[in-house]
**Student:** 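Pasting a structure below so you can have a look.
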Amino acid sequence: MAENGAVPELPEVESVRRQLAPRLEGRRILSVTATPQLRFHHVEAAAHHTVASLRRRGKYLLGELDGGLELVMHLGMTGSFRFRGDPGWTPDTYVRATFELDDDVMEFRDVRRFGSLAVVPAGDYRGLATLASLGPEPLSDEFDPSVFHRDLQRSSMAVKPWLLTQRPVAGIGNIYADEALWRARINPHARSVGPARARALWQAIREVLFEAIEREGTTFRDYRMVNGESGRNAPFLVAYGQAGRPCPRCGTPLRKVTLGGRGTTYCPTCQRR
DNA sequence: CTAACTACCTGAACGC
DNA sequence: TGCGTTCAGGTAGTTA
């Protein structure tokens, strides 16, 4: 099975949450077994607790447990959940953690081990720096265009790597950063963004994420929802993965560069510096 | 404190 | 065929 290019970002994690929530909420976790991993912290402490709710913040899934605990889950690049009781289940060497529930067994599968699982006192993210300083939810009212402009100007980093830090706004990864910057006509290298362009980017971020959620995320190869299905957003990508193809706005071939160590595709004409 | 760099991890794709 | 190299990427850790 191909394993790269999956990359769960906010729309993919939200799609997983929507399928996972009804299967976890109200369920009691009887036991947890996990392989020793750098990115797993006290996962076994979830045992004997009931999942009250499953929320999402950025790319993080947050399971509220009784007893004041919280199960924090991040899919990394290749993380996914599956249930033993589902049709077609077969044993798999990439299962890194197993949650025995009162009605089924949930498995966390993660080929590249970039995913993370942690049980913490609810809201105590001291060991999770990115979650602790996570920016606002882009599709909520707390994401404000003028505050976003100020936050963009706060850093001297290029705009795209700054978006990827999760600090000015939560949930943007490499795919939707390229898509939103293209839509807002902003050069990914820009180190300063004026108020009008910041507002355009604010709008573009909300649009690309909203549309991707409606299509249940982007699947290239192996991002899958809990029900095993693919997201339908891939054919709608305009920038990410489209290097060399003509820009749909102006026809200029899209250019791919490396920025902040990440592949970055943009239109050199309509995203001029 | 910020920003820049690197490690982590694995399999696909590529080059010879 | 087979082997080696490069690439993908979010986050955490280290360094300047």
Side-chain angles (χ1 to χ4, degrees), chain A residues 1-14 16 34-43 56-62 72-80 92-97 108-118 120 124-135 138 150-181 188-193 205 209 212 217-224 231 234 237 239-244 256-265:
Chain A
M1 186 192 298
E3 299 289 357
N4 57 345
V7 201
E9 302 181 31
L10 187 151
E12 293 72 37
V13 177
E14 177 60 21
V16 169
T35 60
Q37 298 224 195
L38 224 52
R39 292 171 168 82
F40 289 174
H41 301 284
H42 306 112
V43 194
R56 181 193 54 72
R57 269 288 278 141
K59 306 173 195 172
Y60 292 84
L61 290 168
L62 305 174
V72 179
M73 298 171 276
H74 194 292
L75 300 177
M77 292 188 60
T78 54
S80 64
D92 187 313
T93 54
Y94 301 117
V95 169
R96 312 298 186 191
F108 180 63
R109 179 180 190 268
D110 186 14
V111 173
R112 289 191 196 174
R113 305 175 192 260
F114 274 30
S116 56
L117 300 174
V120 298
D124 182 353
Y125 304 140
R126 276 174 296 179
L128 302 154
T130 303
L131 181 56
S133 58
L134 197 62
R150 189 199 65 200
D151 286 344
L152 284 181
Q153 292 304 88
R154 242 176 51 205
S155 169
S156 63
M157 290 173 73
V159 60
K160 181 180 170 184
W162 179 233
L163 287 175
L164 295 182
T165 66
Q166 310 300 301
R167 291 178 59 192
V169 61
I172 306 287
N174 211 32
I175 298 171
Y176 299 108
D178 280 2
E179 292 301 305
L181 289 166
H189 301 87
R191 287 178 187 273
S192 176
V193 177
I205 286 169
L209 295 179
T218 301
T219 299
F220 291 103
R221 295 175 184 87
D222 86 328
Y223 154 71
R224 291 290 184 278
L237 296 182
Y240 181 88
Q242 310 300 314
K256 182 167 182 180
V257 297
T258 299
L259 176 54
R262 294 291 169 252
T264 298
T265 305

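Letters A, B, ... are given to chains in the order of the sequence lines, protein chains preceding strands, and every chain is numbered from 1. It should be emphasised that the depicted structure is a prediction, and the values quoted were computed from it without experimental measurement.
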**Student:** What distance separates A/D110 CG from A/M77 CE, expressed to the nearest 0.5 Å?
**Tutor:**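 The CG atom of A/D110 sits 10.0 Å away from the CE atom of A/M77.
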
**Student:** In whole angstrom, what separates A/D178's CG from C/dA8's P?
**Tutor:**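 Taking atom P of C/dA8 as the reference, CG of A/D178 is at 12 Å.
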
**Student:** Rounded off to whole Å, could you give me the CG-to-P distance for the A/D110 and B/dC9 pair?
**Tutor:**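 Computing the A/D110:CG to B/dC9:P distance gives 11 Å.
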
**Student:** Roughly how many Å is it from CZ in A/R112 to C1' in B/dA7, rounded to a whole number?
**Tutor:**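 Distance, rounded to whole Å: 15 Å.
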
**Student:** May I ask you to decide whether A/R154 forms a salt bridge with A/D151, counting only side-chain N to carboxylate O separations under 4.0 Å?
**Tutor:**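 Salt bridge present between A/R154 and A/D151.
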
**Student:** For residues A/L163 and A/Y176, determine if any side-chain heavy atom of one lies less than 4.5 Å from a side-chain heavy atom of the other.
**Tutor:**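 A/L163 does not reach A/Y176 side chain to side chain.
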
**Student:** Given atom OH of A/Y240 and atom C1' of C/dC7, what is their separation to the nearest angstrom?
**Tutor:**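 The answer, rounded to whole Å, is 11 Å.
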
**Student:** Using heavy atoms to find the nearest nucleotide of DNA chain B for A/R113 and A/M157 separately, return the residue whose nucleotide is more 5′.
**Tutor:**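 Nearest nucleotide further toward 5': that of A/M157.
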
**Student:** Do A/M73 and A/F108 have side-chain heavy atoms sitting under 4.5 Å apart?
**Tutor:**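 They are not in contact (no side-chain heavy atoms under 4.5 Å apart), so the answer is no.
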
**Student:** Starting at CG of A/D92 and ending at P of B/dG11, how long is that distance when rounded to a whole Å?
**Tutor:**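 It works out to 11 Å between those atoms.
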
**Student:** Inspect the surroundings of NE2 in A/H189 and state if more than 12 heavy atoms from other residues, nucleotides or ligands are less than 6.0 Å away.
**Tutor:**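 Buried by this count: over 12 neighbours within 6.0 Å.
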
**Student:** In whole Å, what is the span from the CZ atom of A/R167 to the C1' atom of B/dA4?
**Tutor:**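 Taking CZ of A/R167 and C1' of B/dA4, I get 14 Å after rounding.
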
**Student:** With nearest nucleotides of DNA chain B determined for A/G261 and A/R154 from heavy-atom distances, which residue corresponds to the more 5′ nucleotide?
**Tutor:**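 Its nearest nucleotide being more 5', the pick is A/R154.
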
**Student:** What string of B, S and - do you get for nucleotides 10-16 of chain C, 5' to 3', when a contact is any protein heavy atom under 4.0 Å?
**Tutor:** BBS----

